[in-house]
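Beneath this line is the structure, given in structure tokens, with notes to follow.
Letters go in sequence order (proteins before strands), and every chain restarts at 1.
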Protein chains: 2
Amino acid sequence: MNFSTSEENYMKAIFHLQQENSTVTTNRLAALLNARPASITDMMKKLKTKKIVHYRPYRGFRLTTEGNKIALGIIRRHRLWEYFLSEKLKFTWDEVHDIAEDLEHVSSKKLIDKLDAFLGYPRFDPHGDPIPDHQGKIEKNRQLALSEVPLNKTVIVCHVSDQSSPMLELMKHNNIHMGTRLEVKKKFSFDQSLEIKIRQQAPFTVSNQVAKKISVKYGT
Amino acid sequence: MNFSTSEENYMKAIFHLQQENSTVTTNRLAALLNARPASITDMMKKLKTKKIVHYRPYRGFRLTTEGNKIALGIIRRHRLWEYFLSEKLKFTWDEVHDIAEDLEHVSSKKLIDKLDAFLGYPRFDPHGDPIPDHQGKIEKNRQLALSEVPLNKTVIVCHVSDQSSPMLELMKHNNIHMGTRLEVKKKFSFDQSLEIKIRQQAPFTVSNQVAKKISVKYGT
DNA sequence: AAATAAGTTTAGACAAACCTAAATTAATTA
DNA sequence: TAATTAATTTAGGTTTGTCTAAACTTATTT
Ligand SMILES: [Mn+2]
Ligand SMILES: [Mn+2]
Ligand SMILES: [Mn+2]
Ligand SMILES: [Mn+2]
């Protein structure tokens with residue numbers, strides 16, 4: 001079967017919400033997609049007849065096995081394009097998402113498999129998220145929030161979930177950017193603030209608020 | 001202003017029809033877009049209010065200066081993606097068009113300019129058609145039909161406008177493919193058939209019917 | 001100058017994907 | 001258990017892009 005851009009965006013959004021909570025509600029999805037709840041209900045009815053979601057009125061919904069497979073295909077496309085944009089076209093990591101949001105809907109299977117080969121079968125996108133392979137197999141996400149990192153382990157910054165300018169200002173001031181290697185030296189239990197050390201720099205402190213927004217992975 | 005996929009497809013189609021005949025008619029456009037004449041009229045009214053076409057009912061239409069500029073942008077995107085697909089992803093020349101038909105509607109200017117740079121500012125797409133530059137400037141098309149080629153000039157096959165299997169069979173039999181270098185040795189006035197010579201092969205004859213379908217350019 | 005034919009437009013429908021406002025259901029609290 | 005509240009669905013619209021069938025224009029013939 002073939003799906004519209006809209007249907008694909010819904011499937012992908014449901015997939016992401018399911019990671020947190022296996023059954024998804026109308027309002028959560030409406031918020032994520034910037035749509036009204038009534039629109040969600042309309043689409044859920046449609047996706048139910050297409051056997052993409054399990055859905056019982058007032059009871060929430062989740063992807064069927066088939067729906068899950070399709071969602072993984074869309075995520076594969078999204079992340080491969082993000083990798084392409086960042087690696088080949090030299091976009092910065094914060095610019096790639098919006099463009100990939102459109103490119104992901106060009107759904108030629110052959111295109112994506114050839115793109116994958118051209119890129120050398122990358123396993124993670126520029127935000128550190130795993131890229132499903134051509135069968136839809138996906139590795140466990142190796143990221144965790146900076147606030148969860150154990151003491152004295154070197155980690156690499158790979159995603160920042162807030163791109164407001166106040167946040168960017170703070171990051172710039174502390175010299176944190178994508179790929180920065182750092183260690184957590186101390187956790188203050190009073191406010192969960194962290195003392196951070198970047199190689200060859202004086203240590204500094206970040207609030208728990210900030211640390212929750214920064215994702216890192218264990219370095220190679 | 002921002003344009004829908006549909007509006008973009010109409011603009012591009014009008015642009016191409018204008019090359020042959022400066023004012024375009026409803027039925028011609030309907031045929032090219034595989035749509036009903038009534039749909040064309042609807043869209044022309046819309047594009048007129050957006051100042052993309054000049055249009056007087058029953059009198060045909062043509063792109064405004066603005067419409068022309070936009071159409072060139074879409075053609076630029078289309079041909080750059082075709083080049084990318086063929087050159088980087090190793091698609092064959094006959095596979096690239098349909099995929100580019102979708103990719104061309106991803107309209108980030110920055111994406112296309114970076115893609116252009118990545119590809120090394122190519123000037124012709126895999127079919128030999130010129131690629132407009134970032135200002136919309138486009139070179140003259142250097143292609144001509146094989147049937148129009150003067151005697152004893154080496155030319156390179158760069159486009160075949162009929163991809164039916166009978167045509168492909170004939171081309172395969174005569175060893176003609178994209179990039180083949182050949183010379184026209186003789187023109188028979190009786191039926192306009194041509195005697196063709198490919199380097200290190202015995203000469204053979206093709207009908208005018210075939211020669212009209214094959215485009216070539218002067219070699220480098 | 002009529003009549004005819006060809007090309008084009010209009011009128012009216014429809015599906016997709018949204019929306020607002022009102023009604024309904026489920027969950028929570030008194 | 002009966003209200004109250006929060007979440008969700010339904011009813012009814014709108015916009016975009018398409019279509020068919022009927023009406024209309026323009027061009028071409030008698
Ligand atoms: Mn998307
Ligand atoms: Mn990503
Ligand atoms: Mn297109
Ligand atoms: Mn082309």
Query raised in the report: Just to confirm, is there a sub-4.0 Å distance from OP1 or OP2 of dT9(D) to any side-chain nitrogen or oxygen of Lys45(A)?
Result: no

Which side-chain N or O atoms in residues 26-39 of chain B pair as donor and acceptor under 3.5 Å with protein atoms at least two apart or in another chain?
residue  : atom : partner  : partner atom : Å
Arg28(B) : NH2  : Glu20(B) : OE1          : 2.8

**Report entry** Any pair counted as salt bridge (Lys or Arg N to Asp or Glu O under 4.0 Å), so long as it reaches residues 72-83 of chain B, sequence neighbours left out
**Finding:** Glu8(B)-Arg77(B), Arg76(B)-Asp113(B), Arg76(B)-Asp116(B), Arg79(B)-Asp125(B)

Report summary line: Taken to the nearest 0.5 Å, the spacing of Lys217(B) NZ from Leu144(B) CG works out to 12.0 Å

Query - Gap between atom CZ of Phe118(B) and atom OH of Tyr83(B) - 0.5 Å precision - result: 10.5 Å

Query raised in the report: For DNA chain D, what residues of residues 21-41 of chain A have any heavy atom nearer than 4.0 Å?
Result: Thr25(A), Thr26(A), Asn27(A), Pro37(A), Ala38(A), Thr41(A)

Query raised in the report: So does Ser4(A) get a side-chain nitrogen or oxygen closer than 4.0 Å to the phosphate oxygens (OP1/OP2) of dA16(C)?
Result: no

Query - Nucleic acid contacts - residues 49-63 of chain A versus DNA chain D, non-hydrogen atoms under 4.0 Å - result: Tyr55(A), Pro57(A), Tyr58(A)

Name every donor-acceptor pair, under 3.5 Å, that has one atom in a side chain of residues 48-63 of chain A and the other anywhere in the protein, sequence neighbours excluded.
residue  : atom : partner  : partner atom : Å
Lys48(A) : NZ   : Tyr55(A) : O            : 3.0
Thr49(A) : OG1  : Lys46(A) : O            : 2.9
Lys50(A) : NZ   : Glu7(A)  : OE2          : 2.9

Query - Over-ring placement of Lys88(B) relative to Phe84(A), 6.0 Å and 45° cut-offs - result: no

Requested in this report: Drop me the distance from Ser6(A)'s OG to His105(A)'s NE2, to the nearest 0.5 angstrom.
Outcome: 8.5 Å

Query raised in the report: Given atom CD of Glu7(A) and atom P of dA15(C), what is their separation to the nearest angstrom?
Result: 15 Å

Query raised in the report: What is the distance from CG of Asp42(B) to P of dT16(D), rounded to the nearest Å?
Result: 12 Å

**Report entry** Whole angstrom value for the distance that separates P of dT10(C) from CE of Met43(B)
**Finding:** 16 Å

Query raised in the report: Who are the side chain to side chain donor-acceptor pair (under 3.5 Å) partners of His177(B), not counting sequence neighbours?
Result: Thr180(B)

